[in-house]
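In what follows, a single structure is set out as structure tokens and then discussed.
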Amino acid sequence: MDDQLYTITVFTENQVGLLNQISIIFTRRCLNIESMTVSACSIHGVHKFTITCRSNRTMMEHVVKQIERRIDVLRAFLHTDDELVYQEVALYKVPTNRLLQEGHLEGIIRRNGARVLEITDEYTIFEKTGHKSETERLFEELKEFGIRQFVRSGRVAVTKNKTEFVDLFLKEQQARKQRVESKSE
Amino acid sequence: MSEKITGAEALIRALIDEGVDTVFGYPGGSIMPVYDKLYDYTDRLHHHLARHEQGAIHAAQGYARASHRTGVVIATSGPGATNLVTGISDAMMDSTPLVVITGQVATGFLGKDAFQETDVIGVTLPITKWAVQIRRPEDVAPAVARAFYIASSGRPGPVVLDFAKDAQTSLTDYCFEPCKFIRSYDPDPIIDEAKVAEAASLINSAQRPMILSGHGVMLSHAEKELVELAEKAHIPVACTMLGLSSIPTAHPLYKGMLGMHGNIGPNVNTNRADLIVAVGMRFDDRVTGDVKKYAPNAKIVHIDIDASEFDKTVRTDTHIHGDAKKVLLALIPQVNPAIRHEWAASFDRHNAAERELVIKREIEPDSPTGPMLMGEVVSKVSEAFGHKAITVTDVGQNQMFGVRYSGFTETDSCITSGGLGTMGFGLPAAIGAKIGAPKRQVVLYVGDGGLQMTLQELGMIMEYNVGVKIVLLNNNFLGNVRQWQYLFFNGRYSATPMLNPDFVAVAAAYGIKGEDVADRTELAGAISRMAAHDGAYLLNVNIDPTDMVFPMTPGGAGVDEILLNEKDHYIPKD
């Protein structure tokens, strides 16, 4: 099949239980969510879910429609990577003594564009922001020093469009509200 | 400044302000403050006490479908709420507007495994259109308004309001305002004119079009427009099971029911049509059979209010998102008058063959005596009520015979559990239907298995004097499973024979009149006694257990691969 990684962005009202409402749509179809990030978006009172999932286009389009069908969901969109600018952040905890013994530290930081967040006698914490392939490359390089802890965030993404996709939708809804109100007067 | 009232009273007043006068329910600990307030409003809000919460919700479903109003159910927390789950799921599948109110433990006990605490929102989220917990009394009126708006608009469905006990007892100001707008939810989308024009041009250029009429036609009151479109462009109409009665069965363009046990004409012609216009239906697998073999020659126009139905199982060529009535009103003027006698007649030829090869042996059996066949019983009962009764069915063979052999002259006349296929739906749904449409006759077709799943609701008939006619098609078997065991499991009748009670005596214990119909010679007399009786009646009809539902498209077959009996396939003559 044409399985690939898709990013679904969902704009919702700020309501309790939305995470559950959205995630069960994936669960029911046995779809494994690769990552999910929830935050406020640029529009006041609107929350944005960024979900990545590996599947085929037909399935993903179906899932997006099912998500959009939920009452408190404003809009949901399906994206491929080329339509997005996206990032992930990863943290790596490595023993300091091994790093100092080997003496590759500067090269690693330069090559990967990584940052050091904290150094103690015992451990050093690196931070790397980038695509998954980039955070994975640093992981490979640090492996020889013995990584004690590793964590990577879910994807955050913005589209290459000028504004949030949901702007137009909200304007349309404002107009619809006026129509509904004028009808009932 | 108005006087403060409790959250429980706010609920009762909000229901009344929503125009509710009938509710179904069952009290219990966590909903007692609501029931206490209900006691003060019995003149305006008629509560029907079921004998089990499942009975209450199926009754509310029957009420909603017969009356075109939103059904209301009240139950307590924990087991009260979980007993509603089957009905909620059924209402979700069959787009039935319900507002379900469950009691919940006080907010301080939430999440602590308190007595009779269940995470009702968590349990019902996947099977509701919307579900919310009410934790403060001031939220009651807005939540009720929102619940009714969501349940009844767009594609209707069930809404759950989970009402914490402390919110029921604490005080609030009351101010009711109906909900008319939710910005994240548009139940009446603007119709895309370009798509309507595209659909019209597909219709105008089609040689062999057919219309599939679903439940949505009745939900949007589009029956008249459907017939107008069909007549203007001379397009044969077939109904899904839930779409039955959206067009009178005697209409010359009505060509039968679709699907697994549907009529041969529409099923065979689905695969010969060059255009399918589907209105308010969702291409359920019971309708399509194997989708890979479905309508290979047809372009498909899909009209629905729920955008998530488009391209879900069947790829469409054009879909129009909107209310069926509004879409049809926009479409009709753009459709050219046409005459397609040969195409329309081809349905009739297949249906005549079905009459000869299947129906005749059911309604005109060879022997004048002996146990009866389900088809003959249903067709005689339907005739006795002038095909004007509301047909309610349970699930199984009784359902297939009930819907296949009933005639329909009026809309909203077929109430059955389609999507979920809930045994036990029939009796309480029939009770609710009669309460929702008291002037109409309500006939229930039910098997001996399904009747016993919700048998306790005979108590509602007794208490509220509900005049439903119960036609018990009793073969002492779980007949539909038996049929599959006979056809596909080498006749191994595992757990399908049933030792049954004396049903007429059971009915009599509830003060319901009834009679056994043991032999074919007694049938006509018994039916006319039932029809003439003012009030509830139970006919316990002795059914030949070898009677099976045909025609049949076995699972996984295409819609035109039709069994006429256990061995012969239908072979069209043309």
Side-chain angles (χ1 to χ4, degrees), chain A residues 10-29 41 43-49 56-76 78 166-185, chain B residues 89 92 95 107 110-111 119-135 139 143 146-147 149-151 153-160 162 177-190 282 291 304-316 319 321:
Chain A
V10 186
F11 295 88
T12 74
E13 300 291 3
N14 184 12
Q15 295 261 351
V16 177
L18 266 160
L19 179 66
N20 197 4
Q21 290 192 45
I22 291 168
S23 63
I24 54 175
I25 291 167
F26 290 85
T27 314
R28 188 172 165 194
R29 289 161 186 83
C41 82
I43 301 155
H44 179 72
V46 174
H47 274 231
K48 181 176 176 177
F49 288 64
N56 62 68
R57 182 147 203 120
T58 311
M59 174 66 92
M60 285 292 99
E61 282 172 352
H62 177 54
V63 163
V64 165
K65 283 191 225 171
Q66 292 291 323
I67 293 173
E68 219 167 51
R69 188 181 184 219
R70 300 304 308 182
I71 301 292
D72 298 313
V73 170
L74 293 158
R75 288 301 307 272
L78 182 65
V166 83
D167 280 354
L168 178 67
F169 174 80
L170 290 175
K171 283 200 190 91
E172 285 166 3
Q173 296 319 301
Q174 199 52 41
R176 182 167 71 87
K177 187 177 185 185
Q178 279 157 8
R179 280 201 308 278
V180 170
E181 279 168 357
S182 66
K183 216 187 287 172
S184 59
E185 265 162 23
Chain B
S89 188
M92 186 70 174
S95 312
T107 48
L110 285 169
D119 176 8
V120 173
I121 300 297
V123 169
T124 60
L125 254 186
I127 51 168
T128 46
K129 194 171 169 189
W130 192 63
V132 77
Q133 192 167 62
I134 302 173
R135 300 188 198 91
D139 295 338
R146 209 173 151 93
Y149 176 64
I150 292 169
S153 59
R155 178 177 179 176
V159 168
V160 166
D162 191 38
E177 202 159 330
C179 177
K180 294 194 185 106
F181 176 84
I182 296 172
R183 73 170 178 175
S184 58
Y185 167 63
D186 185 358
D188 188 15
I190 294 170
R282 61 183 178 88
V291 280
D304 208 281
I305 192 76
D306 180 354
S308 74
E309 290 298 346
F310 299 133
D311 300 318
K312 189 177 80 177
T313 52
V314 171
R315 276 274 159 196
T316 58
H319 52 252
H321 183 207

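None of these values were measured; they are calculated from a predicted model. Sequence lines set the chain letters: A, B, ... in the order given, protein chains first and strands last, and positions in each chain run from 1.
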As an exercise, state the distance from [atom1] of [X] to [atom2] of [Y], rounded to the nearest 0.5 Å.
{"X": "A/Arg69", "Y": "B/Tyr185", "atom1": "CZ", "atom2": "OH", "answer": "10.5 Å"}
{"X": "A/Arg70", "Y": "B/Ser184", "atom1": "CZ", "atom2": "OG", "answer": "11.0 Å"}
{"X": "B/Ile150", "Y": "A/Asp72", "atom1": "CD1", "atom2": "CG", "answer": "7.0 Å"}

Please look at [X] and chain A and tell me whether the side chain, the backbone, both or neither of the residue comes under 4.5 angstrom of a heavy atom of that chain.
{"X": "B/Ile121", "result": "neither"}
{"X": "B/Asp186", "result": "both"}
{"X": "B/Leu125", "result": "both"}

Against chain B, label [X] side chain, backbone, both or neither, depending on which of its atoms sit under 4.5 Å from a heavy atom there.
{"X": "A/Ile24", "value": "side chain"}
{"X": "A/Glu61", "value": "side chain"}
{"X": "A/Leu170", "value": "side chain"}

Quick one: which of A/His62, A/Arg176, A/Gln21 has the most heavy-atom pairs under 4.5 Å with chain B, could you say? A/Arg176
Quick check on A/Arg28: does its CZ atom have over 12 non-hydrogen neighbours (other residues, nucleotides or ligands) under 6.0 Å away? no
Closest contact, heavy atoms only, B/Arg183 versus A/Gly45: NH2-O, 4.3 Å
Any idea which heavy atoms bring A/Lys65 and B/Ala307 closest together, and the distance? CD-O, 3.4 Å
Given A/Arg179 and B/Asp188, is the side chain to side chain contact (heavy atoms under 4.5 Å, CB included) satisfied, shown in steps? CA-CA 12 Å; A/Arg179 280 201 308 278; B/Asp188 188 15; over 6 Å; no
